[in-house]
Amino acid sequence: MPFLRESRQEFVLTKQLLRSGTSIGANVEEAIGGISRADFSAKISIAYKEARETSYWLKLLRATEYLTEESFHSVHNDCEEVCRILRAILNTTRRSDLVKN
């Protein structure tokens with residue numbers, strides 16, 4: 001992938017990673033300030049999708065060798081843990097909404 005490095009194409013990947021990664025926290029913060037359970041659930045859902053997207057960009061950065069195997073596993077494991085936490089929150093919220101209705 002020397003062409004990508006020489007033409008600085010990795011910037012596209014890292015820009016997307018930064019965008020999706022920072023969006024996770026922003027959406028969680030919006031969920032906390034949500035005005036209803038539906039609003040909370042919608043924002044957590046978006047945060048979960050952004051976390052999945054972040055995982056994708058990390059995989060792509062690894063595949064193009066912009067991340068070392070060690071760096072990738074360190075940060076990707078953290079990302080996957082965030083995905084599991086957000087998914088659990090979403091499942092719990094949806095389950096409790098079903099019980100109430």
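Heads up: numbering here begins at 1 and tracks the sequence. Keep in mind that the numbers below use all heavy atoms, side chains included, and drop hydrogens, waters and symmetry copies.
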So, using side chain to side chain donor-acceptor pair (under 3.5 Å) as the criterion, who are the partners of Ser74 when residues are at least two apart? none
Results of salt bridge (charged side-chain N to carboxylate O under 4.0 Å, His left out) for Glu29 - residues two or more places apart only: none
Among the clusters formed by ILVMFWY side chains lying less than 4.5 Å apart, do Val82 and Ile46 turn up in the same one? no
Check for a donor-acceptor pair, side chain of Ser45 on one end and backbone N or O of Ser41 on the other, with a separation under 3.5 Å. no
The ring-ring contact (aromatic ring centres under 6.0 Å, His included) partners of Tyr48 (sequence neighbours excluded) come to none
From Ser55 atom OG to Asp78 atom CG, the distance as rounded to the nearest 0.5 Å: 12.0 Å
Name all residues meeting the side chain to side chain donor-acceptor pair (under 3.5 Å) criterion together with Thr68; count only those two or more places apart in sequence or in a different chain, and write none if there are none. Ser71
Spacing of Leu13 atom CG and Leu61 atom CG [to the nearest 0.5 Å]: 5.0 Å
Residue pairs involving residues 38-49 (criterion salt bridge (Lys or Arg N to Asp or Glu O under 4.0 Å); sequence neighbours excluded): Glu30-Lys43
Contact summary for Ala47 and Val28, nearest pair of heavy atoms: CB-CG2, 3.9 Å
Atom pairs and distances, donor-acceptor, side-chain atoms in residues 20-27, under 3.5 Å, two or more places apart:
{"unit_1": "Ser20", "atom_1": "OG", "unit_2": "Gln16", "atom_2": "O", "d": "3.2"}
{"unit_1": "Ser20", "atom_1": "OG", "unit_2": "Leu17", "atom_2": "O", "d": "3.4"}
{"unit_1": "Ser20", "atom_1": "OG", "unit_2": "Thr54", "atom_2": "OG1", "d": "2.8"}
{"unit_1": "Thr22", "atom_1": "OG1", "unit_2": "Leu18", "atom_2": "O", "d": "2.8"}
{"unit_1": "Thr22", "atom_1": "OG1", "unit_2": "Arg19", "atom_2": "O", "d": "3.3"}
{"unit_1": "Ser23", "atom_1": "OG", "unit_2": "Asn27", "atom_2": "ND2", "d": "3.0"}
{"unit_1": "Asn27", "atom_1": "ND2", "unit_2": "Ser23", "atom_2": "O", "d": "2.9"}

Does anything in residues 72-94 form a ring pair (Phe, Tyr, Trp, His ring centres under 6.0 Å)? List the pairs, not counting sequence neighbours. Phe72-His76
Applying side chain to side chain donor-acceptor pair (under 3.5 Å) to Asn91 and not counting sequence neighbours gives Arg87
Ile35: hydrophobic cluster co-members (side-chain, 4.5 Å): none
Would you call Lys59 and Cys79 a side-chain contact if the rule is heavy atoms closer than 4.5 Å? no
Excluding sequence neighbours, so at least two apart, what forms salt bridge (charged side-chain N to carboxylate O under 4.0 Å, His left out) with Glu69? Arg62
